[in-house]
Structure formats: structure tokens, C-alpha cells
Amino acid sequence: MATTAHLTLRASPAIRSLASALSILFLASLASAQTNFPEVEPNSNKSEATSVGVMTAGDTITGITTGSLTTAGSTLATTGDNFRVRTAALPLGIYRHTLTITSSTVGHVGSIRGLNQLGTTGVGGTAGTADVSMQTSSTLTVPPRTNTWYGFGKQDEIYYRVTGTATTTAAYTSTLSTSTITPTVVGPFIAGPITITTVGQGHTTDTDFWVYDSNFNAISTAGNDQFGTSNQSNLVRTYGPGTYYIALSTYNLANNQVSPADEGLPIENLLDFPNCVANNDTSAALTALNVSISDGTTTTPVLISRSTPHEIVWICFSLSQTDTVLAGSDIFVSPAGQSSADFGPTPLPPGFFGPGSDPFGGVVSLGGSPLVGTGLPGGVDTIVRRPLDAVLPGCPGTTTIPIELVALDLVSTNPIVVTFNGGTNPTLYDVRFAASTLQPSPPGQMSITRTSVSGGVFDSQLPVITRAAFNRVSGTGGQPNVNIDPAPPVILNVSQAPWSYDEGGIGVPHTPGGLVDHDANPGSPLVPFPATSNFFPGVVKQSADCIIPGVSARRVTIPHMAPNHTHVVIPPTQPAPPQCVIICQGDGTGTACPCANHSIVGDDKGCLNSLLIGGALRCSGRASIANDNFLLGGSNLLNGPGLYFQSSGIAPAGVVLGDGKLCAAVGIVRLGVVFASGNMSMFPSGVHPAIHIAGGTSAGDTRHYQLWYRDAALFCAPATNNLTNGVSVTWVP
């Protein structure tokens with residue numbers, strides 16, 4: 001094993017200074033309009049906690065408490081004050097949030113609340129339900145009585161409690177401050193099994209850490225406090241290429257993740273909510289936290305320490321793929337109008353389109369037509385296969401492999417104009433260029449060069465044999481359909497196009513492989529194509545060499561150039577998840593419809609009504625508090641009144657109500673009544689307020705919607721009403 005001694009890479013002082021200055025300006029702007037959140041009694045425990053949100057730096061919480069009782073429903077000052085605190089959204093990063101108590105009568109104590117954990121080594125932990133004090137305010141800070149937690153700009157939440165004594169008769173104020181954290185950067189390492197350990201690093205500190213992914217999500221089971229019977233930490237886990245973060249501190253570090261099976265002490269307290277992490281150590285002593293990270297070949301000790309109460313130190317490490325680019329498919333989308341075929345140098349001859357047709361020598365503007373098949377992400381119109389692994393000789397390094405066209409489907413963005421008999425009788429034809437039905441394209445080659453930890457560039461030459469199809473869309477001249485198959489081969493060349501080992505978090509989809517209509521000809525059999533691999537053409541990261549990992553990934557176009565032809569492609573994007581999630585289908589799943597009046601599985605409708613079709617509820621627009629254009633639409637209804645309603649919780653299987661079933665059943669709010677016309681209705685309409693106003697929603701709330709409607713026919717149950725399916729949506733700021 002090769003060992004690298006005491007290598008710690010950090011951001012330069014200039015960069016740290018600039019980042020700090022920008023963060024201070026940003027946070028100061030948030031604090032310019034300060035808000036106070038007074039306690040609302042009763043709030044003696046979590047279930048009664050005063051909702052505090054959204055807090056920004058400089059905002060305050062105020063109240064009066066002279067005790068620590070948790071008596072439910074009590075409004076006496078001798079009970080503690082509980083708050084559910086939510087911070088404002090910030091750019092993705094690491095933030096340290098601190099609540100500091102001030103009062104003219106000293107003696108208040110703040111605490112961050114949590115949950116107990118039950119567990120056994122070899123099995124792992126289970127979150128309990130008992131309220132515990134995860135962190136108690138420190139008196140060693142300046143000013144004293146502070147509580148601190150770390151978040152990532154995702155509107156993190158905590159439960160916060162303030163208690164007092166008989167002498168704390170004056171009001172207290174808890175003020176929020178927020179600062180940005182710059183992690184220590186190490187790496188890169190090779191993706192695969194990674195060992196993170198504080199054992200044998202020159203100290204005996206009782207350590208605790210957890211690993212986060214590039215989006216600051218806690219990775220399940222990726223934490224360790226006690227390695228065997230040692231108070232130090234050791235974790236071996238397998239990670240893919242990317243960027244990761246370690247939250248490292250002394251015992252006890254807590255988030256909302258339960259302990260993995262190999263944890264030696266799986267009974268540590270937890271936090272109630274995701275997207276935040278805290279430590280309970282109130283010590284202000286300088287404490288070594290040195291840790292080592294190893295991929296089995298490179299071992300990097302990181303010399304690091306903490307010196308303030310509740311402090312967590314952060315380390316960023318990157319993992320690159322091995323030097324092998326694995327065989328697989330490359331999938332592309334061809335933007336409309338950026339590809340073309342120029343018939344000028346070799347015009348289609350006279351009579352090609354039928355008797356009297358004039359020569360055609362124009363330029364055909366092309367765009368992609370989505371391929372038909374299985375395993376295909378939306379929009380893909382071009383598939384290229386790399387049948388062999390590409391073993392790169394280090395970084396930098398270059399190797400050459402064969403490639404071949406699997407499928408292609410391009411269509412004209414506008415019809416071409418064909419004339420007859422010297423310029424008369426103009427006739428319009430759509431044009432399609434697809435892979436040849438009669439002759440496969442021969443292999444080409446690709447030279448892949450690795451120039452950085454993240455990826456590099458490639459050159460390729462790809463022979464393409466197409467089927468050119470011309471379909472008459474208007475006019476009377478010529479034949480309705482004309483084909484050239486095979487068309488003359490075209491060699492598409494790519495020079496110095498970027499590639500990356502991973503998609504960089506920008507939403508480029510993966511495919512497991514499948515079958516595809518490769519030539520846009522329904523009469524041809526589908527052909528197989530393999531899965532995508534660790535090669536993402538057209539994805540570039542801002543990494544300059546073989547040392548520094550890439551950041552800020554982006555997609556770029558790749559021009560395939562050839563004489564008289566241009567084919568511009570770009571990596572596809574992951575389709576956006578649906579705004580609404582369909583729930584409560586009346587198709588027999590969950591609770592059965594009352595009279596077996598089930599709608600068709602997959603139609604996502606409610607139970608059948610007297611029209612013998614299920615009422616359907618759909619959504620459109622954006623569920624945004626700041627820009628609410630969210631709409632609910634009902635269809636397949638009986639013309640008459642319908643009540644749109646909202647709930648904060650659901651009965652997952654549904655309960656029978658009238659001729660249908662109700663799922664949006666907990667915390668129901670009536671939004672408004674709309675009369676259906678043409679078997680359809682929409683909310684809001686007319687004088688109705690926006691949905692977030694009608695429903696009293698806030699950013700981050702998940703709400704569920706259904707439509708109750710009249711069905712006067714005695715169709716099923718004695719009741720003359722039914723319900724649509726439901727939809728669920730999470731509201732954003």
C-alpha cells in the first residue's frame with residue numbers, strides 16, 4: 001500500500017477570503033429585515049411546539065419561562081418553551097446556525113431536542129419515540145448560552161427548548177446567527193471501497209462521524225462512532241465516483257440516521273428531522289480529530305481539530321472512476337434545427353419525386369424524433385454503441401476503441417418544397433433520415449483521452465448509412481412516398497468533444513439497455529442495445545488537470561461534422577418528476593370500491609360513476625407560495641356541484657364514501673365548490689383564491705387533494721356522490 005504523508009489540501013486564502021466576504025454580504029442582506037417569533041402558549045412539549053419559520057440570520061425568538069415542566073396544555077410560566085425552528089433556504093452549502101439566549105435575568109438553558117435510539121450491535125439501530133435533549137446550551141461561548149447545529153440551505157428544522165428557574169422572571173431573546181463553513185479538501189481517491197478511520201492517528205479522542213453525498217444528503221449506514229470496543233471511529237464503505245463530505249466531531253454527533261449494523265454503540269440520540277446535524281460536546285478545549293482516508297492504494301492523513309463547543313469539522317473528498325471506460329451505449333438528443341443535410345453538391349435528380357419533378361438541391365433542417373423501444377429515456381433519438389472497454393493508461397492517457405451506430409431517427413423541422421416542370425406545382429414533403437433498414441452502418445472508431453480526474457475529451461469517426469424517406473404532406477405533384485435505402489454513407493467526425501466519468505448531478509439519465517426500433521420502420525424487428533456505462537459524452541466539468549476534481553458540471557453540444565451534413569447532439573436530460581403524485585386510484589388497489597365499481601388499472605382514476613368511467617383529478621402549474629399558478633382539474637364528472645378539498649394526511653388504503661373512496665382524510669380543508677360543465681371543472685376559477693391561500697399552506701408542506709362530486713343516479717350505494725382519485729404535491733417557496 002502506498003502512503004501519502006500528511007497531505008491536506010485547502011482552499012487558498014484568497015478564495016476563502018472572497019467566499020467569506022460574499023457569504024457575509026449574503027447573510028447580512030437576509031438579516032436586514034429582522035423578524036421576531038414570540039412563543040405561543042401552550043408549548044410545553046414537542047407536540048405543542050410553537051412553529052417558527054422561516055428564520056434568517058438576525059431573527060429572534062422571545063418568551064418567558066421560570067421552569068422546565070412539560071405538562072401538556074399548561075400555560076404556566078413554570079413549563080419550558082418549545083419551538084419548531086425552520087431556517088430560510090440558502091444556496092446549497094454547509095452552514096453553521098447558532099441560537100444565543102440573552103436576558104436580564106441570567107439562568108435560562110437552551111436545548112436542541114431529539115429522539116432516543118434503540119439498537120444492538122450486529123443488527124443496527126431503530127429510532128425511538130422518546131423526547132431527549134440532544135444538545136444543551138454552552139456557557140463557555142462568548143456570549144454564553146448558545147446552541148449550534150449545521151444545515152445545508154435546505155430549510156433545515158430542529159426542535160428547540162428554552163427552560164428557566166424561579167429567578168428567570170424576565171423575558172428571554174434567542175437570536176439566530178448563520179455562517180458558512182468551508183470544508184478541508186482532500187483527494188482524489190479511486191471509487192470503490194473507502195476506509196475512513198480515526199484509529200491510530202496520534203490521538204485517543206472519542207470521535208464520531210457521518211458521510212454525506214454531493215447534495216449533502218446523509219448516506220444511509222455511512223456513519224460510525226465506536227469501532228468495536230474502541231471509542232474511536234472506523235468505517236469501510238463502497239462509494240461511486242463523485243464528491244463526498246465527512247461531518248466529524250467528538251461523541252455524540254447526531255442526524256436523523258439510525259446506526260448501521262456494524263456500529264459498536266447503536267444507542268446514540270438522534271435528531272427529529274433530515275438535512276441537519278449537531279454535536280452535544282460543550283467543551284471548548286482544543287481537541288485533535290485527525291482522520292485518515294484510504295482507497296487501498298492512496299492513504300491521506302488529515303490533520304484537523306476542533307476548539308469550540310458543539311463544533312463539527314467538515315472534510316470534502318472526491319472519488320474518480322478507475323482508468324477503464326466500460327463498454328456500453330451512448331445516448332443523445334438532437335436539438336431541432338441544429339442538424340442538416342445539404343443536397344446542393346449532389347442534388348436529387350430530375351424525376352426523383354415523380355414524372356416532371358425538378359432537381360432538388362436545397363438544405364434540409366433536421367431535428368431528433370424520439371426512438372421507440374424499451375429502456376429508453378424520453379427524447380433520445382440517437383444511440384451509439386461502444387462494444388469494448390477502453391483501458392486508459394493513467395491520467396493523462398489515450399486509447400482507441402471501435403464504435404457503431406445502433407439507432408438514428410431525424411426528421412425535417414419544416415417540409416421541403418419540390419417543384420415540377422421548371423418551377424411549377426410546388427409540393428411539400430417531410431423528410432426523415434433514419435438508420436438504413438437494408439444495410440447496417442460499418443464500425444467506426446473513438447479515441448478517448450483522459451485529461452482530468454473527472455474525464456477528458458474524445459475524437460470519433462462514425463460511418464452512418466441512412467434510409468432517406470420523403471413523405472408528401474401537401475400538393476398534388478409527384479409520388480406520395482419516395483425512399484432511398486441505403487443512402488450514400490456519411491462519415492460523421494467529432495473532434496475534442498468533452499466526456500465525464502459521471503453525469504455530475506445535472507440530470508443526464510442512465511438506461512439499463514433494451515430494445516429499439518433502430519430505423520423508424522414499424523416492419524423491422526427491434527434490435528438490442530446495451531446499458532449506458534461510466535462514459536458521459538457531452539458532459540464537462542471544470543477540472544483542469546489530473547489532480548483537482550471537477551465541479552460545476554454542464555452539458556455541451558457535440559457537432560458531428562461531415563461534408564454537406566451536420567449532426568449536432570447533446571446528452572439527454574432526466575425527465576422532471578411529475579408535479580403531482582397520483583394517489584387513491586379506484587382500480588381495486590387498497591380499499592375496494594363499494595360495489596366493485598373499479599376503474600381500469602393504470603388509468604389513475606377514481607371508482608366508476610354512473611357514466612361508467614372514473615372521475616379523474618389532475619394538476620397543472622407550479623405549487624409555489626411566491627408564484628402560485630397551481631390548478632386542479634376534474635374530468636369525467638357528472639354536471640353539477642363538486643367540492644375541491646385538501647388534507648394534510650392520508651388514509652393510504654382509502655375509506656369508502658358514497659360510490660367512491662376517500663384518501664385525503666386527515667386535516668381536511670374545504671377549498672371551494674365548483675359546478676362541472678361539459679363533465680369538467682377546475683379550481684381555482686372565478687372568485688376563488690389561489691390554492692395556497694385557500695388551503696393555508698406554507699413552503700415545504702405536502703398536501704393531498706381530492707374532488708367530491710354529485711352523482712344523482714342511484715348507481716351503486718344509496719348515497720348520490722362519488723370521488724375522484726387524489727393527488728399529492730409538496731409546496732415550494
Side-chain angles (χ1 to χ4, degrees), residues 323-335 338-346 363-364 366 368 371 380-393 396-410 433-451 455-468 484-501 516 518-519 527 529-530 532-540 555-572:
D323 291 338
T324 299
V325 171
L326 302 175
S329 289
D330 299 329
I331 54 178
F332 302 99
V333 171
S334 305
Q338 296 191 39
S339 303
S340 65
D342 184 359
F343 288 93
T346 55
V363 176
V364 182
L366 301 168
L371 296 168
V380 170
D381 55 66
T382 304
I383 303 177
V384 176
R385 185 168 80 101
R386 291 172 286 101
L388 300 178
D389 292 347
V391 180
L392 295 163
T398 301
T399 195
T400 300
I401 57 170
I403 57 174
E404 56 195 29
L405 180 73
V406 175
L408 174 72
D409 191 7
L410 304 177
F433 286 91
S436 172
T437 299
L438 302 178
Q439 182 177 334
S441 297
Q445 67 177 23
M446 173 185 288
S447 294
I448 302 174
T449 300
R450 187 180 184 190
T451 60
V457 295
F458 70 93
D459 299 333
S460 68
Q461 300 80 43
L462 180 63
V464 174
I465 298 178
T466 63
R467 174 176 65 90
I484 308 175
D485 190 4
V490 174
I491 298 179
L492 298 173
N493 295 291
V494 172
S495 177
Q496 297 294 287
W499 67 272
S500 176
Y501 277 120
V516 63
H518 71 293
D519 59 359
V527 302
F529 66 94
T532 47
S533 69
N534 62 336
F535 183 78
F536 287 81
V539 174
V540 60
R555 295 186 309 151
V556 300
T557 57
I558 302 174
H560 295 112
M561 306 301 294
N564 312 320
H565 291 76
T566 300
H567 182 204
V568 174
V569 294
I570 193 169

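Everything quoted here is computed from the prediction, not taken from an experiment.
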**Request:** Spell out, as yes or no, whether a donor-acceptor pair under 3.5 Å connects the side chain of S436 to the backbone of L438.
**Result:** yes
Ignoring hydrogens and angles, state whether a donor on the side chain of T324 or D389 is under 3.5 Å from an acceptor on the partner side chain. no
Interatomic distance, CD@Q461 vs OG@S447, rounded to 0.5 Å, equals 6.5 Å
Applying salt bridge (charged side-chain N to carboxylate O under 4.0 Å, His left out) to D409 and not counting sequence neighbours gives R432
Partner of P571 under side-chain contact (heavy atoms from CB on, under 4.5 Å), picked from V539, D330, I331, is V539
Paired with I465, the side-chain contact (heavy atoms from CB on, under 4.5 Å) test is passed by just one of P440, P488, P489, namely P489
Inset, instruction - Answer yes or no: are there more than 12 heavy-atom neighbours, outside I484 itself, under 6.0 Å from its atom CD1? - result: yes
NE2 of H565 to CG of D342, rounded to nearest 0.5 Å, is 8.5 Å
To the nearest 0.5 Å, atom CD1 of I448 lies from atom CZ of F458 at 8.5 Å
**Message:** Is it the case that the ring center of F535 lies less than 6.0 angstrom away from the ring center of W499?
**Reply:** yes
(Q) Checking the side chain of S329 only, and the main-chain atoms of P530 only, is there a donor and an acceptor separated by less than 3.5 Å? (A) yes
Sequence neighbours excluded, the answer for side-chain hydrogen bond (donor to acceptor under 3.5 Å, both in side chains) partners of S334 is D381, H567
Interatomic distance, CZ@R467 vs OG1@T437, rounded to 0.5 Å, equals 4.5 Å
